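Along the sequence shown, residues carry numbers from 1. As the structure is a prediction and not an experimental result, all values here were calculated from the model.
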Amino acid sequence: MNRRRPTLLAALALTAATALTLSACGSDDDNSGDNDKIAGADTSREPSASPSESATAVGDRPKIEVPTDVTYKFEWDKTGDPVKDAVLHDAEQRIRAVDMAIAEQNPLHGAYRFYSEGEAAAGSEIYIQEFVDHKARTTGLTRYYGESASIKGDGTASLTYCEDQSKSFNMFLDTGKIDVTTATKDSYVIYAGTLRKNSKEVWVTERLNSERGSSKCQP
């Protein structure tokens with residue numbers, strides 16, 4: 001999830017999409033030397049239990065709704081290739097679904113599990129649980145840019161993209177306090193993921209790795 005959630009917690013290991021840290025840009029206890037792993041980080045743990053009832057019936061897509069203070073700026077251009085555009089669309093939906101699970105404090109939310117499987121789903125579950133444990137969620141604007149999608153010979157897709165977490169922070173649910181942090185080079189994260197189209201015609205993320213502070217994503 002990697003969203004750079006301000007580092008309330010030391011980065012777990014993220015990848016994908018979630019840098020396993022609670023969000024944000026540069027908090028004092030941030031372990032900036034670590035590579036965060038986001039949802040789908042290299043973990044052998046499979047997501048537990050079955051998808052929550054929030055997931056819709058087979059063939060339908062879950063409705064994704066996040067708090068109004070959670071906003072995005074996806075600077076992902078249409079490629080003109082229907083397959084690559086579908087990959088980008090479903091990757092975006094996964095990102096939103098993870099934030100919805102965080103907001104609803106549900107580590108087994110069916111929405112993000114609709115768009116991810118295997119290592120990626122297991123990593124997201126761990127990432128979301130961190131927010132639940134701290135009774136926190138995300139708030140603010142997160143920007144996504146610098147994307148590159150390609151389709152491999154085996155039918156899977158690879159996707160890399162950058163995330164700007166400089167205006168995204170942690171908010172504590174008990175108090176409503178927002179942990180506003182100063183932007184640093186670690187506010188910018190690069191992700192590399194592998195996706196596969198499943199029987200529902202959905203491009204699910206299977207693996208996702210991230211690197212915080214990448215020179216490729218700096219402003």
**Prompt:** Between Q105 (side chain) and A136 (backbone), is there a donor-acceptor pair under 3.5 Å?
**Reply:**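 Indeed, once roles are kept as given, a pair shorter than 3.5 Å links the two residues.
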**Request:** Output yes when a side-chain donor or acceptor of R196 lies under 3.5 Å from a complementary backbone atom of T156, and no otherwise.
**Result:**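 Between the backbone of T156 and the side chain of R196 there is no qualifying donor-acceptor contact (under 3.5 Å).
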Any donor-acceptor N or O pair under 3.5 Å, side chains [X], [Y]:
X: E163; Y: Y144; value: yes
X: S166; Y: D164; value: yes
X: T194; Y: S158; value: no

For [X] and [Y], work out which heavy atoms get closest and say how close.
X: T138; Y: D69; result: O-OD2, 4.1 Å
X: W76; Y: L88; result: CZ3-O, 3.3 Å
X: A111; Y: M100; result: CB-CE, 3.3 Å
X: P107; Y: Q129; result: CG-OE1, 3.0 Å

Would you mind checking if [Y] and [X] are paired as a salt bridge, meaning a charged N to carboxylate O distance below 4.0 Å?
X: D99; Y: R94; result: no
X: D90; Y: K200; result: no
X: E211; Y: K216; result: no

[X] [atom1] to [Y] [atom2] distance, which is reported to the nearest 0.5 Å:
X: I64; Y: R96; atom1: CD1; atom2: CZ; value: 8.0 Å
X: F74; Y: I95; atom1: CZ; atom2: CD1; value: 4.5 Å
X: F169; Y: T181; atom1: CZ; atom2: OG1; value: 5.5 Å

**Message:** Side-chain heavy atoms nearer than 4.5 Å, only ILVMFWY residues, links allowed to pass through others: does that put L159 and W203 together?
**Reply:**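 Same hydrophobic cluster.
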**Asked** Is the Lys NZ or Arg CZ of R143 less than 6.0 Å from the centre of Y145's six-membered ring, within 45° of the axis?
**Response**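 Relative to the ring axis of Y145, which defines the angle, R143 lies inside both limits.
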**Item:** Set of salt bridge (charged side-chain N to carboxylate O under 4.0 Å, His left out) partners for E147, sequence neighbours left out
**Value:**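 E147 satisfies salt bridge (charged side-chain N to carboxylate O under 4.0 Å, His left out) with no other residue.
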